[in-house]
Amino acid sequence: MLIGVIADDFTGASDIAVTLSKGLKGEGGLCTTQYLGIPSRPATAEVEAGVIALKSRSVPAEQAVAQSLAACRWLLEQGCEQIIFKYCSTFDSTDEGNIGPVTDALAEMLQASSVVVCPAFPAMGRTVYQGHLFVHDRLLNESGMEQHPLTPMKDADLRRVLARQSRNRVTHIGWNSVVGGSQALREALQQQAEEGRALVIVDAVSEHDLVAIGRACQGAVLVTGGSGIAMALPHNFIAAGRAKGQAASVPQITGPEAILVGSCSGATRQQIAEHQKRYPVMMVEVQDVLSGKTGAEELVAFIQANQGRLPLVYSSGDPESVKQTQQQYGREKVAEALDTLFGTTAQKLVAAGVRRLVVGGGETSGAVVSALDLGALTIGEEIDVGVPALVSQGENPIALALKSGNFGGKDFFARAVNTLSG
């Protein structure tokens, strides 16, 4: 294993896994495996990049740090020479963390001097310019992310956001330096390192910029960012003749299907509305879940009654209704109830023979894959930008697609189910 990734949620892990698997166009990527939690056994010999999916984005900072350090130790034991800390391209965090505390802890463990911080993902409209994070043509705090139920982002200046979280210096390399090329950027990062440990926010407005940053990070023991930061990292090993540039082969999976959605993002709500035009959809009221009126049995019964017709079950709403529900019942209580509901539903569905499972929402994806305890996943075809097909390893494999809230086109859910069958 050459590259090891610590991802703070499950959909983000899938996102960066497919980026490493693809690599640069014409070159190929690395043989990549995604692990659901920290493995209890060594990686198999063919794995060149290992991605550990944690559910650490919204837990207390000390828990996120402990989990991330444990993941890092396992990756180093597999031989990894470069560690990536992957977080969301909208920098989802609070003033307490968890991006700053985890980065600080990893930098200390790995003795990293200058650490790149770059959440940019231009293919999804997320860019960094003059240290500010944009979502398409809006500043982060005007993009809708300021209303996120768990990590409301109310400041687009990443320098200020990270400085409130980190013990280390927070500095910035502007776009004019990035377009100077990877060598100039490498020299700028080295200069930052000579002045003492720094978390360096690096501008990027295009994939060309991300490639330059990736090449400048050759030999860096720690890199942090969104999935785009990994675009050129396989190139550094392939060009040196240390990796083959071949992704793993993935089997085709047929069988019953189900779609479970727990995201409240605008993109997801549009996707549900589009799906509902042609396929059966069931909405779950949070109040009914909390009162016990609706449980996993009702969701499973709906899906089984509509098998073969791409049935979708969701608990989603506009930000205002979600906020009101959280205020009434408590944010943690609502989140725990929905995580338990979708996790138990997934267990019952797989036990009943479901073999293709599409999940919408980062927290929901984490709950589902944790409940299924699948271990390791092979990275398959990219369904939409940042969303690959995933296939569990071992007997009776199942295929999954784990979609972050804002990812995917309007017809994503139907396309995902069909792609999973090959």
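In this chain, numbering begins with 1 at the start of the sequence shown.
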J.: Could you check if a side-chain atom of L420 sits within less than 4.5 angstrom of a side-chain atom of L400, using non-hydrogen atoms only?
T.: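 When only atoms from C-beta onward are counted, L400 and L420 do not touch, as no gap falls below 4.5 Å.
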
J.: If every non-hydrogen atom of I99 is compared with every non-hydrogen atom of F85, which pair is closest and at what distance?
T.: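 Closest pair (atom of I99, atom of F85, distance): O-CE2, 3.7 Å.
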
J.: How about Y87 and S93: does a side-chain donor come under 3.5 Å of a side-chain acceptor?
T.: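 Checked: Y87/S93 side chains show no N/O donor-acceptor pair below 3.5 Å.
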
J.: Test T294 against L299 for side-chain contact (heavy atoms from CB on, under 4.5 Å), laying out the working first.
T.: CA-CA 8 Å; T294 299; L299 276 61; 3.8 Å; yes

J.: Look only at the side chain of T344 and the backbone of L341, and say whether a donor-acceptor pair between them is shorter than 3.5 Å.
T.: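 A pair under 3.5 Å: no.
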
J.: Roughly how far, to the nearest 0.5 Å, is CD1 of I238 from CD of E48?
T.: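 If I round to the nearest 0.5 Å, the distance is 7.5 Å.
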
J.: Within a strict 4.5 Å, meaning less than it, do heavy atoms of the L199 and L162 side chains meet?
T.: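 When only atoms from C-beta onward are counted, L162 and L199 do touch, with a gap below 4.5 Å.
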
J.: With rounding to the nearest 0.5 angstrom, report the CD1 to OG1 distance, I6 to T224.
T.: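 That separation rounds to 11.0 Å.
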
J.: Is a donor on one side and an acceptor on the other found under 3.5 Å between the side chain of E382 and the backbone of P388?
T.: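 Side chain of E382 to backbone of P388: no pair is present.
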
J.: Does atom CZ (R169) have a neighbourhood of more than 12 heavy atoms from anything else shown, all under 6.0 Å?
T.: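 Enclosed.
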
J.: Taking the side chain as every heavy atom from C-beta outward, state whether L222 and M109 have any atom pair closer than 4.5 Å.
T.: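 They are not in side-chain contact.
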
J.: Looking only at heavy atoms, what is the nearest atom pair of A120 and T127, with distance?
T.: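 Result for this residue pair: CB-CA, 4.3 Å.
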
J.: I need the minimum non-hydrogen distance between A105 and L69, along with the two atoms involved.
T.: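 Where A105 meets L69 most closely, the heavy atoms are O-CD2, 3.7 Å.
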
J.: At what distance, to the nearest 0.5 angstrom, does CG of L260 lie from CG of L312?
T.: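 Nearest 0.5 Å value for the CG-CG distance: 8.0 Å.
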
J.: Report the distance from atom CD of E146 to atom CE of M153, rounding to the nearest 0.5 Å.
T.: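 One finds 10.5 Å between CD of E146 and CE of M153.
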
J.: Is the closest side-chain donor-acceptor distance between K403 and T268 under 3.5 Å?
T.: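 Yes.
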
J.: Under the criterion salt bridge (Lys or Arg N to Asp or Glu O under 4.0 Å), I'd like the reasoning laid out for D384 against R415: C-alpha separation, chi angles, the key distance, then a yes or no.
T.: CA-CA 9 Å; D384 221 322; R415 255 186 319 112; 2.7 Å; yes

J.: Which residue pairs pass the ring-ring contact (aromatic ring centres under 6.0 Å, His included) test when at least one of the two sits in residues 127-178, sequence neighbours left out?
T.: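 Not a single pair qualifies under ring-ring contact (aromatic ring centres under 6.0 Å, His included).
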
J.: Any sub-3.5 Å donor-acceptor pair from S21's side-chain atoms to A17's backbone N or O?
T.: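 Checking the backbone N and O of A17 against the side chain of S21, no donor-acceptor pair under 3.5 Å is found.
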
J.: Looking at R57 and D92, does any basic side-chain N land under 4.0 Å from a carboxylate oxygen?
T.: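 Here R57 pairs with D92 in a salt bridge, since their nearest N and O are under 4.0 Å apart.
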
J.: Are the side chain of Q82 and the backbone of I3 linked by a donor-acceptor contact shorter than 3.5 Å?
T.: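 No, the answer is negative, given that no donor and acceptor are paired below the 3.5 Å cut-off.
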
J.: Is the count of non-hydrogen atoms from other residues, nucleotides or ligands lying under 6.0 Å from E142 atom CD greater than 12?
T.: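 Yes.
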
J.: For L54, is there any backbone N or O sitting under 3.5 Å from a side-chain donor or acceptor partner on Q67?
T.: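 Flag not set: sc Q67 to bb L54 has no pair under 3.5 Å.
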
J.: Identify the heavy atoms of G405 and S263 that sit nearest to each other, and give their distance.
T.: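 Residues G405 and S263, closest heavy atoms: CA-OG, 3.3 Å.
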
J.: Can you find a heavy atom in the side chain of Y314 that is under 4.5 Å from one in the side chain of M282?
T.: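 They are not in contact (no side-chain heavy atoms under 4.5 Å apart), so the answer is no.
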
J.: For E108, look at atom CD and say whether over 12 heavy atoms of other residues, nucleotides or ligands are found less than 6.0 Å away.
T.: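 No, because the 6.0 Å sphere around CD of E108 holds 12 heavy atoms or fewer from other groups.
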
J.: Output, in order, the C-alpha distance, side-chain angles, deciding distance and verdict of side-chain contact (heavy atoms from CB on, under 4.5 Å) for V289 and V284.
T.: CA-CA 8 Å; V289 178; V284 176; 3.3 Å; yes

J.: We want to know whether E257 and Q307 form a side-chain donor-acceptor pair, criterion being a heavy-atom distance below 3.5 angstrom.
T.: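 Judged by distance alone, the side chains do pair up.
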
J.: So do the side chains of L402 and L390 get within less than 4.5 Å of each other, counting heavy atoms only?
T.: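 A side-chain contact exists here, since the closest heavy-atom pair is under 4.5 Å.
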
J.: Under a 3.5 Å threshold, yes or no: a donor from one side chain and an acceptor from the other, between Q63 and S56?
T.: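 Not at all, the side chains of Q63 and S56 share no donor-acceptor pair under 3.5 Å.
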
J.: Check E274 with K410, please: is the shortest side-chain N to carboxylate O separation under 4.0 Å?
T.: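 Salt bridge absent between K410 and E274.
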
J.: Sequence neighbours left out, what passes salt bridge (Lys or Arg N to Asp or Glu O under 4.0 Å) with R160? Give chain and number order.
T.: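 R160: salt bridge (Lys or Arg N to Asp or Glu O under 4.0 Å) contacts with D155, D157.
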
J.: Of all heavy-atom pairs between N98 and A61, which one has the smallest distance, and what is that distance?
T.: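 Heavy atoms only, the tightest pair is OD1-CA, 3.2 Å.
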
J.: With a 3.5 Å distance limit and no angle check, can you tell me whether D209 reaches the backbone of S206 through a side-chain donor-acceptor pair?
T.: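 Here the side-chain-to-backbone pair exists.
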
J.: Can you confirm whether N396 sits close enough to R355 that some side-chain heavy atom of one is under 4.5 Å from a side-chain heavy atom of the other?
T.: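 Side chain of N396 against side chain of R355, heavy atoms only: contact under 4.5 Å found.
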
J.: Please report the C-alpha distance between V202 and V178 in whole Å, then the side-chain angles of each, then the deciding distance to 0.1 Å, and finally whether the side-chain contact (heavy atoms from CB on, under 4.5 Å) criterion is met.
T.: CA-CA 8 Å; V202 183; V178 176; 3.6 Å; yes

J.: Hey, are the side chains of T419 and V417 touching, using non-hydrogen atoms and a 4.5 Å cut-off?
T.: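 They are not in contact (no side-chain heavy atoms under 4.5 Å apart), so the answer is no.
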
J.: Hey, could you give me the CD/CZ distance between E363 and F10, rounded to the nearest 0.5 Å?
T.: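 Answer rounded to 0.5 Å: 10.0 Å.
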
J.: Output yes when K22 and E381 qualify as a salt bridge under the 4.0 Å nitrogen-oxygen rule, no when they do not.
T.: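 Between E381 and K22 there is no salt bridge, as every charged N stays at least 4.0 Å from the carboxylate O atoms.
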
J.: Under 3.5 Å, is there a donor on one side chain and an acceptor on the other for R138 and S143?
T.: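 No, no side-chain donor-acceptor pair sits under 3.5 Å.
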
J.: For a quick check under 3.5 Å, do Q34 and S14 share a side-chain donor-acceptor pair by atom type?
T.: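 Distance-only check passes for Q34 and S14.
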
J.: Considering only heavy atoms from C-beta outward, does the side chain of S315 approach that of V286 to under 4.5 Å?
T.: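 When only atoms from C-beta onward are counted, V286 and S315 do touch, with a gap below 4.5 Å.
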
J.: Is the shortest side-chain N to carboxylate O distance from D339 to K55 below 4.0 Å?
T.: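 A salt bridge links D339 with K55.
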
J.: Between S177 (side chain) and I173 (backbone), is there a donor-acceptor pair under 3.5 Å?
T.: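 No, because the side chain of S177 does not come within donor-acceptor range (under 3.5 Å) of the backbone of I173.
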
J.: What are the two closest non-hydrogen atoms of A401 and I383, and how far apart are they?
T.: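 Closest pair (atom of A401, atom of I383, distance): CB-CD1, 3.6 Å.
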
J.: Can a donor-acceptor pair be found, under 3.5 Å and without considering hydrogens, that links the side chain of N236 to the backbone of G214?
T.: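 Yes: the side chain of N236 pairs with the backbone of G214.
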
J.: What distance separates L210 CG from F121 CZ, expressed to the nearest 0.5 Å?
T.: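 The distance works out to 9.0 Å.
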
J.: Step by step, work out the side-chain contact (heavy atoms from CB on, under 4.5 Å) result for T33 and V51.
T.: CA-CA 6 Å; T33 294; V51 180; over 6 Å; no

